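What you see is a predicted model; the values in this text were computed from it and never measured.
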Amino acid sequence: MSSDFEGYEQDFAVLTAEITNKIARVPRLPPDEKKQVVANVEKQLEEAKELLEQMDLEVREIPPQSRGMYSNRMRSYKQEMGKLETDFKRSRIAYSDEVRNELLGDDGNSSENQLIKLREERAHLLDNTERLERSSRRLEAGYQIAVETEQIGQEMLENLSHDREKIQRARERLRETDANLGKSSRVLTGMLRRYLFLAERHFMVFI
């Protein structure tokens with residue numbers, strides 16, 4: 001896995017954490033500040049999408065046998081991106097002037113049901129924000145585990161490579177030993193034949 005992918009992951013984690021914080025603040029901001037923060041979040045969401053595209057390209061360059069884990073991580077990042085965009089849309093309209101006027105009326109009067117609806121919208125937004133923060137923490141923990149798993153896998157591959165080199169050297173020594181034994185066997189066979197030949201001639205002389 002390239003160092004570029006790891007860098008993109010770190011940038012994505014930092015960027016999404018900033019976006020999450022700003023999304024939670026949007027409904028409580030005054031109109032002028034809210035407009036500025038909304039524009040900033042929109043820009044950061046585009047940056048996050050670009051990071052995902054770069055990460056996707058990096059994953060495609062990873063060998064197929066090692067690609068599975070990173071593809072799973074990419075799916076998690078894309079799901080997180082989708083949740084961020086959904087929560088951002090909800091935060092923009094949760095307490096917007098348009099929604100408030102629609103629910104309360106131009107004169108600012110509201111019925112009990114309308115107030116209950118506002119409270120439910122607020123509770124729903126806060127619940128989504130909390131879930132997003134928990135998801136971000138789980139994602140960070142998963143990233144650490146993935147990095148550690150990758151390091152362990154790399155060490156195992158290096159050990160296997162060393163073991164294979166040792167086996168190859170042992171095979172080479174075995175082949176050399178076999179060749180030497182073959183030579184020794186031929187020499188001994190020749191010596192035995194010569195000994196038998198000389199013994200036979202010596203015996204014939206005595207006869």
Side-chain angles (χ1 to χ4, degrees), residues 1-62 64 66-104 114-151:
M1 178 180 174
S2 69
S3 58
D4 289 339
F5 187 90
E6 295 177 356
Y8 292 141
E9 278 188 314
Q10 293 174 2
D11 292 342
F12 184 79
V14 172
L15 189 58
T16 52
E18 292 179 358
I19 293 173
T20 300
N21 180 266
K22 291 176 182 177
I23 288 176
R25 291 171 49 212
V26 166
R28 301 189 295 271
L29 296 174
D32 292 340
E33 188 177 354
K34 176 180 176 181
K35 183 177 180 181
Q36 181 179 357
V37 173
V38 166
N40 187 257
V41 171
E42 289 176 342
K43 181 179 178 181
Q44 288 184 314
L45 285 172
E46 290 300 320
E47 293 176 3
K49 289 179 182 179
E50 292 177 1
L51 282 173
L52 284 179
E53 292 176 359
Q54 293 296 328
M55 291 159 67
D56 207 11
L57 292 174
E58 290 293 327
V59 170
R60 295 178 187 177
E61 298 297 325
I62 297 173
S66 305
R67 193 179 301 165
M69 179 176 65
Y70 304 114
S71 297
N72 292 335
R73 284 155 67 173
M74 283 300 304
R75 280 193 291 271
S76 297
Y77 296 146
K78 290 177 181 179
Q79 289 174 359
E80 181 185 2
M81 188 68 196
K83 290 179 181 178
L84 281 176
E85 291 178 326
T86 299
D87 290 338
F88 179 51
K89 291 177 182 178
R90 290 175 178 171
S91 71
R92 290 183 62 182
I93 66 173
Y95 291 96
S96 65
D97 293 337
E98 293 80 8
V99 173
R100 185 180 296 106
N101 290 335
E102 180 180 346
L103 294 176
L104 300 179
Q114 290 170 332
L115 290 174
I116 291 174
K117 187 172 181 179
L118 278 173
R119 295 191 187 103
E120 290 176 349
E121 288 288 340
R122 182 175 182 276
H124 182 67
L125 178 62
L126 292 175
D127 184 56
N128 284 340
T129 301
E130 291 175 359
R131 284 203 302 269
L132 185 58
E133 291 175 352
R134 289 195 297 268
S135 297
S136 297
R137 289 193 293 269
R138 287 196 298 269
L139 184 61
E140 291 176 3
Y143 171 75
Q144 292 298 327
I145 293 173
V147 170
E148 293 173 1
T149 302
E150 180 188 356
Q151 292 174 346

*Measure the spacing between NZ of Lys78 and CG of Asp56 and express it to the nearest 0.5 Å.*
4.0 Å
*Stepwise, does the side chain to side chain contact (heavy atoms under 4.5 Å, CB included) test hold for Leu51 with Glu47?*
CA-CA 6 Å; Leu51 282 173; Glu47 293 176 3; 5.7 Å; no
*Look up atom CD in Gln44 and atom OG1 in Thr20, then write down how far apart they are to the nearest 0.5 Å.*
10.0 Å
*asked:* Can you give me the closest heavy-atom contact between Leu52 and Met74, atom names plus distance?
replied: O-CE, 3.5 Å
*Atom CD of Glu85 and atom CD of Glu80: how far apart are they, to the nearest 0.5 Å?*
11.5 Å
_Glu50 CD to Tyr8 OH distance, which is reported to the nearest 0.5 Å_ = 11.0 Å
_Can you give me the closest heavy-atom contact between Leu29 and Arg25, atom names plus distance?_
CG-O, 3.2 Å
*asked:* One thing to verify: whether Glu46 and Lys49 come together as a salt bridge, which I'm taking to mean a side-chain N less than 4.0 angstrom from a carboxylate O.
replied: yes
*Between Val59 and Ser71, which heavy-atom pair has the shortest distance, and what is it?*
CG1-OG, 3.9 Å
*Taking all atoms of both residues into account, what is the closest heavy-atom pair of Met81 and Leu45, and its distance?*
CE-O, 3.1 Å
*Please say whether more than 12 non-hydrogen atoms of neighbouring residues, nucleotides or ligands are located less than 6.0 Å from CD in Glu18.*
yes
*Closest approach of Ile23 and Ser91, non-hydrogen atoms and distance?*
O-CB, 3.6 Å
_Could you walk me through whether Glu9 and Tyr77 satisfy the side-chain hydrogen bond (donor to acceptor under 3.5 Å, both in side chains) test, starting with their C-alpha distance in whole Å, then the side-chain angles of each, then the deciding distance to 0.1 Å, before giving a yes or no?_
CA-CA 9 Å; Glu9 278 188 314; Tyr77 296 146; 2.6 Å; yes
*Using a cut-off of 6.0 Å, state whether more than 12 heavy atoms not belonging to Lys22 lie near its atom NZ.*
yes
*Determine the minimum heavy-atom distance between Phe5 and Met55, stating which atoms define it.*
CE1-O, 3.4 Å
